[in-house]
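For the numbers below, each heavy atom of this structure counts, side chains included, while hydrogens, waters and symmetry mates do not.
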Amino acid sequence: MDTSFQRDQLDNQILSALMEEARTPFAELAKRFGVSAGTIHVRVEKMKQAGIITGAQITVDPKALGYDVCCFIGINLKSAGDYPAAISKLNALEEVVEAYYTTGNYSVFVKVMCQSIDGLQHVLINRIQSIDEIQSTETLISLQNPIVRAVKP
């Protein structure tokens with residue numbers, strides 16, 4: 001990873017365009033920004049090497065896949081030393097889609113997606129709360145997700 005890389009306006013324009021639509025052809029970006037496709041390619045490769053671009057992905061609507069319940073679970077661990085084992089066990093649960101090591105009221109904060117409230121109850125009681133390293137949990141059910149955006153370059 002190249003930590004000395006300095007982005008300029010063109011790099012930021014390329015990032016913005018690719019964040020909006022990752023499959024945009026380099027030739028189209030080149031035309032849009034008044035440079036060659038080779039320049040776009042070189043810039044993208046440099047941003048990959050610098051660790052700025054880490055991949056490209058599609059996004060899917062969880063509801064379209066049947067995941068109607070989104071919740072956030074604040075987790076208190078029995079001790080700080082339990083973090084690695086707890087994270088390893090949480091990572092094995094496919095319903096846990098994000099996890100954060102936090103300061104404040106919780107040691108770990110996770111985002112969980114389930115197909116139903118019954119599914120959430122099962123995951124919470126039988127899978128998450130049964131992890132030995134977890135002392136307690138608090139669950140917050142999301143009613144909607146009105147803001148979703150990536151950081152701006």
Side-chain angles (χ1 to χ4, degrees), residues 1-8 10-26 28-29 40-41 43-153:
M1 181 185 321
D2 178 9
T3 57
S4 65
F5 182 81
Q6 296 293 312
R7 291 186 334 268
D8 64 13
L10 178 58
D11 295 320
N12 289 338
Q13 290 173 320
I14 294 167
L15 281 174
S16 292
L18 292 175
M19 288 170 66
E20 190 174 308
E21 177 52 67
R23 298 183 338 170
T24 305
F26 287 177
E28 183 180 319
L29 294 176
I40 300 294
H41 176 76
R43 296 292 187 109
V44 168
E45 287 304 313
K46 284 184 179 180
M47 287 188 279
K48 285 179 182 178
Q49 290 172 3
I52 294 168
I53 295 176
T54 59
Q57 61 189 21
I58 61 167
T59 56
V60 296
D61 181 353
K63 287 189 181 287
L65 296 175
Y67 290 87
D68 290 329
V69 178
C70 172
C71 73
F72 299 90
I73 302 173
I75 298 172
N76 290 306
L77 300 175
K78 290 180 180 172
S79 75
D82 289 332
Y83 175 73
I87 287 296
S88 178
K89 292 173 183 176
L90 289 166
N91 190 40
L93 305 178
E94 66 184 26
E95 296 87 357
V96 175
V97 296
E98 295 179 30
Y100 301 89
Y101 191 32
T102 62
T103 62
N105 292 334
Y106 308 109
S107 305
V108 179
F109 204 69
V110 296
K111 179 179 179 180
V112 173
M113 297 294 298
C114 294
Q115 293 184 329
S116 66
I117 291 293
D118 288 340
L120 171 59
Q121 181 178 345
H122 172 76
V123 168
L124 187 59
I125 294 171
N126 299 314
R127 302 186 76 196
I128 293 176
Q129 291 177 339
S130 68
I131 295 173
D132 290 334
E133 293 79 8
I134 293 177
Q135 178 179 320
S136 63
T137 64
E138 181 178 359
T139 304
L140 307 163
I141 295 177
S142 172
L143 300 176
Q144 61 177 230
N145 187 8
I147 299 171
V148 178
R149 63 177 158 234
V151 297
K152 292 209 179 253

**Report entry** Gap separating the OH atom of Y67 from the OG atom of S116, nearest 0.5 angstrom
**Finding:** 11.0 Å
Report task. Please report the closest heavy-atom contact between L120 and C114, naming both atoms and the distance. Result -> CA-SG, 3.6 Å
Query raised in the report: What is the minimum heavy-atom distance between I52 and F5, and which atoms define it?
Result: CD1-CD2, 3.5 Å
Report task. Drop me the distance from I40's CD1 to L18's CG, to the nearest 0.5 angstrom. Result -> 8.0 Å
Query raised in the report: Does some side-chain heavy atom of V44 sit less than 4.5 Å from a side-chain heavy atom of L29?
Result: no
Report task. Tell me, yes or no, whether the heavy-atom count around L143 atom CG, taken from other residues, nucleotides or ligands under 6.0 Å, exceeds 12. Result -> no
Report summary line: In K46, Q6, R43, the residue satisfying side chain to side chain donor-acceptor pair (under 3.5 Å) with D11 is R43
Requested in this report: Report yes if the side chains of I73 and V96 come closer than 4.5 Å at any heavy-atom pair, otherwise no.
Outcome: no
Report summary line: Between the OH atom in Y83 and the CD1 atom in I75, the distance rounded to the nearest 0.5 Å is 10.5 Å
Query raised in the report: Just wondering, do I128 and L90 contact through their side chains at under 4.5 Å, heavy atoms?
Result: yes
Query raised in the report: For N126, does its backbone N or O pair with a side-chain atom of S130 as donor and acceptor, under 3.5 Å?
Result: yes
**Report entry** Test side chain to side chain contact (heavy atoms under 4.5 Å, CB included) applied to N76 and Y106, step by step
**Finding:** CA-CA 5 Å; N76 290 306; Y106 308 109; 4.1 Å; yes
Report task. Please report the closest heavy-atom contact between Q115 and L65, naming both atoms and the distance. Result -> NE2-O, 3.7 Å
**Report entry** N/O donor-acceptor pair under 3.5 Å between K78 side chain and D132 backbone
**Finding:** yes
Query raised in the report: Using the ring of each side chain (for Trp, its six-membered ring), is F109 parallel, tilted or perpendicular to F72, with breaks at 30° and 60°?
Result: parallel
Query raised in the report: Does a side-chain heavy-atom distance below 4.5 Å link S107 with Q135?
Result: no
Query - Rounded distance [0.5 Å steps], OG1 in T137 versus CD1 in I125 - result: 9.5 Å
Report summary line: Taken in chain and number order and not counting sequence neighbours, the residues that satisfy side chain to side chain contact (heavy atoms under 4.5 Å, CB included) with N105 are none
Report summary line: Residues V151 and M19: closest non-hydrogen pair is O-CE, 2.9 Å
Report task. Decide if atom CD of E20 counts as having more than 12 heavy atoms of other residues, nucleotides or ligands within a radius under 6.0 Å. Result -> no
Requested in this report: Mind checking the NZ-OG spacing from K152 to S16? Nearest 0.5 Å is all I need.
Outcome: 6.5 Å
Query raised in the report: Any side-chain heavy atom of K89 within less than 4.5 Å of one from I134?
Result: no
Requested in this report: Mind listing the closest non-hydrogen atom pair of C71 and I141 along with its distance?
Outcome: CB-CA, 3.9 Å
Query raised in the report: For atom CD of E21, is the number of surrounding heavy atoms from other residues, nucleotides or ligands below 6.0 Å larger than 12?
Result: yes
Query - Separation between CG of L124 and CD of E95, rounded to the nearest 0.5 Å - result: 11.0 Å
Query - Nearest non-hydrogen partners of M113 and C70, listed with the distance - result: SD-CB, 3.5 Å
